[in-house]
Amino acid sequence: MKKALLVWLCVMSLGIVKTQAQVTIGNGHHVLEITGLISPYYGHRWLDDDLNAEDAMDFKKNRFKLKDAIIEFEGRIGNDYEYELQFDIADFASGRIDPEDPGLMDAYILYKGLNFIDIKFGYTKLPYSRSSLVPNKYVSVFNRAELVRGDFFSRRDVGITLQRSFWHQRINAYLGTYTGMGSRTLDGNNDASGNLEYLSRVDISYPANYKYRDIDDTHVPIPMFSFGANARFAEKRTTTGSDYFMQTIDGKKYTYGLDFSAQYMGFSTQFEIHQMRLEPNTPEKLLGYKTDYVLAGGWFGQMNYHSKKLHSIFTVRFEEFNQNDLQPGVTQIFSGAYAYMLNGFNSMIRLQFNHIVEEEILPYNDGFKWTDEFKIGWILTFK
């Protein structure tokens, strides 16, 4: 079944490449737009000097890689229905599950026939964290901050979202319930608890609607601001995650966060802070302390500048996160990035350097195996 699906996706993508001039199909009532994105890169890592002999010889991350090969179908039927199907052929081909960009990225229906609220039903991005909601093609970095990549909390799930905009789209409100297993929901079942996850978000922009983008490529002449607050809750019997094992936990998990963004004349900035209260049923995360909960979370700040004259984007970011407040220490990462825009956001060459300033290592998590990382690649969007 997976092989048949992969063959079908490849055939569809080849067909799209041959007919790039006809990416919108419609009859007036039903309009379908087909777009896509390709993003290969080369990455190099400098390994930690404290690694044991076996790990010190593992240079598998120094390689060329196809990060994304995305096909997106976005449609509208009349004034009431919208839908989107988006998938990453690169992830389907490799069989990997990337918490930031899984194979299936969107498959939902949006009903706008009610005057007072819109209903989104299906598999899609969760309305939590502004950074998570920014499309990949509208950022200047290869990877989002570690805290919001999808391992501390899931970025996508299957469920239902009620959403409404006010004040000429300056205020956006979301309320939703989901299976609560993130991308693992696509396996078909909930975990043994059968419990759902509940989520809400509100963001306010001024003086106009502020789109989910990091870069001010239009150089807005008036300062713009956006402030968001969100929260989510789940009680599960399963612990999941690729690195930190807290995407879901066996127990209760409360997550809440704030985000801020601003832009003016090519300058833009983002700041986010997130806090998690974990009440595990197993003692592993309590590290032997006489308590029934542990706190985790962190923050990151990012600054960007877009130069029209140089066709360039310059970005610096600092992030800090604490996996367990019962253990001394935090993890801090500094990142610097540069993007050269060959054709706006449709064609960019990206460079990024990441440096681990400080690292928190826990008994159940052996941490990063590298101290510095460099990536260079190309992102091409066709539409």
Side-chain angles (χ1 to χ4, degrees), residues 43-52 55-56 58 61-62 98-100 128-132 134 139-153 155 214 228 230 241-247 249 253 255-262 268-278 285 287 289 294-305 313-339 350-376:
H44 184 90
R45 286 181 174 178
W46 288 264
L47 300 183
D48 192 333
D49 292 336
D50 294 332
L51 294 177
N52 60 45
D55 288 334
D58 188 354
K61 295 295 184 178
N62 295 349
D98 185 337
E100 184 172 8
Y128 184 94
S129 167
R130 178 183 177 86
S131 176
S132 176
V134 175
V139 300
S140 60
V141 295
F142 281 100
N143 301 110
R144 302 168 207 274
E146 197 74 17
L147 187 66
V148 297
R149 288 192 63 233
D151 204 24
F152 281 90
F153 50 78
R155 297 185 60 230
D214 282 354
N230 26 225
S242 59
D243 292 317
Y244 307 106
F245 305 104
M246 62 176 67
Q247 187 182 84
I249 68 159
K253 179 181 177 182
T255 309
Y256 35 93
L258 303 173
D259 51 72
F260 171 80
S261 184
S268 59
T269 184
Q270 294 83 39
F271 176 84
E272 290 196 20
I273 184 168
H274 299 276
Q275 181 77 65
M276 283 157 272
R277 177 186 169 105
L278 314 175
K285 293 189 184 307
L287 303 178
Y289 287 88
V294 59
L295 299 179
W299 62 274
F300 72 87
Q302 179 172 306
M303 296 187 66
N304 320 279
Y305 177 67
I313 302 171
F314 304 88
T315 298
V316 291
R317 182 178 70 203
F318 184 83
E319 55 185 298
E320 177 180 293
F321 55 92
N322 187 345
Q323 301 175 55
N324 192 314
D325 71 328
L326 301 177
Q327 170 98 348
V330 295
T331 296
Q332 298 177 339
I333 302 176
F334 170 81
S335 301
Y338 169 78
R350 290 176 174 172
L351 296 85
Q352 183 173 346
F353 177 77
N354 301 315
H355 170 67
I356 298 176
V357 180
E358 183 179 346
E359 185 176 7
E360 175 189 25
I361 299 177
L362 293 165
Y364 51 85
N365 180 2
D366 61 359
F368 296 102
K369 291 182 170 59
W370 53 274
T371 57
D372 298 280
E373 179 182 52
F374 175 76
K375 292 181 178 180
I376 180 171

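We use all heavy atoms of the structure for the numbers below, so side chains are in, but hydrogens, waters and symmetry mates are not.
By the 4.5 Å heavy-atom criterion applied to side chains, Arg350 and Val139 are counted as neighbours. Looking at Lys253 and Met276, their side chains come closer than 4.5 Å, going by heavy atoms from C-beta outward. Counting heavy atoms from C-beta outward, Asp259 and Ser131 have side chains that stay 4.5 Å or more apart. Proximity of Gln270 to Asn304: side-chain heavy atoms (C-beta onward) are separated by under 4.5 Å at one or more points. Taking the side chain as every heavy atom from C-beta outward, Ile376 and Phe374 approach each other to under 4.5 Å. Counting heavy atoms from C-beta outward, Leu147 and Glu272 have side chains that stay 4.5 Å or more apart.
With rounding to the nearest 0.5 angstrom, the CG atom of Asp243 is 7.5 Å from the CZ atom of Arg149. A distance of 5.5 Å separates CD of Gln302 from OG1 of Thr315, quoted to the nearest 0.5 Å. We find the CD1-NE2 distance between Ile333 and His355 to be 10.0 Å, quoted to the nearest 0.5 Å. Between the CD1 atom in Ile356 and the CZ atom in Phe334 there is a gap of 14.0 Å [rounded to 0.5 Å]. We find the CG-CZ distance between Leu258 and Arg130 to be 14.0 Å, quoted to the nearest 0.5 Å. Atom CE of Met246 is separated from atom NZ of Lys285 by 5.0 Å, given to the nearest 0.5 angstrom.
Minimum interatomic distance between Gln323 and Thr331 (heavy atoms only, all atoms of both residues): NE2-OG1, 4.4 Å. Contact between His274 and Ser129 at its shortest, heavy atoms only, is CE1-CB, 4.0 Å. Closest approach of Ser242 and Asp151 over heavy atoms only: N-OD1, 2.8 Å. When all heavy atoms are compared, the tightest approach of Phe245 to Ile249 is O-CG2, 4.3 Å. Heavy atoms only, all atoms of each residue included: Gly257 and Tyr128 are closest at N-OH, 3.3 Å.
More than 12 heavy-atom neighbours from other residues, nucleotides or ligands sit within 6.0 angstrom of CZ on Phe353.
A salt bridge (Lys or Arg N to Asp or Glu O under 4.0 Å) check over residues 351-364, counting only residues at least two apart or in different chains, returns nothing.
Aromatic ring centroids of Phe152 and Phe321 lie under 6.0 Å apart.
The main-chain N or O of Arg45 is found under 3.5 Å from a side-chain atom of Asn62 such that the two form a donor-acceptor pair. Listed for the Asn354 side chain is no donor-acceptor partner under 3.5 Å among the backbone atoms of Glu373. Although no hydrogens or angles enter the test, the distance criterion places a donor-acceptor pair under 3.5 Å between the side chain of Asp325 and the main chain of Leu295. Proximity of a side-chain donor or acceptor of Ser268 to a complementary backbone N or O of Asp214 within less than 3.5 Å is detected. Checked by atom type and distance alone, the side chain of Tyr289 never pairs as donor or acceptor with a backbone atom of Val294 at under 3.5 Å.
With sequence neighbours excluded, the residues forming a salt bridge (Lys or Arg N to Asp or Glu O under 4.0 Å) with Glu319 are Arg317, listed by chain and number. Under the rule for a ring-ring contact (aromatic ring centres under 6.0 Å, His included), the partners of Phe368 that lie at least two apart in sequence or sit in another chain are Trp370.
Under 3.5 Å, the side chains of Thr371 and Asp48 contain no donor-acceptor pair of N or O atoms.
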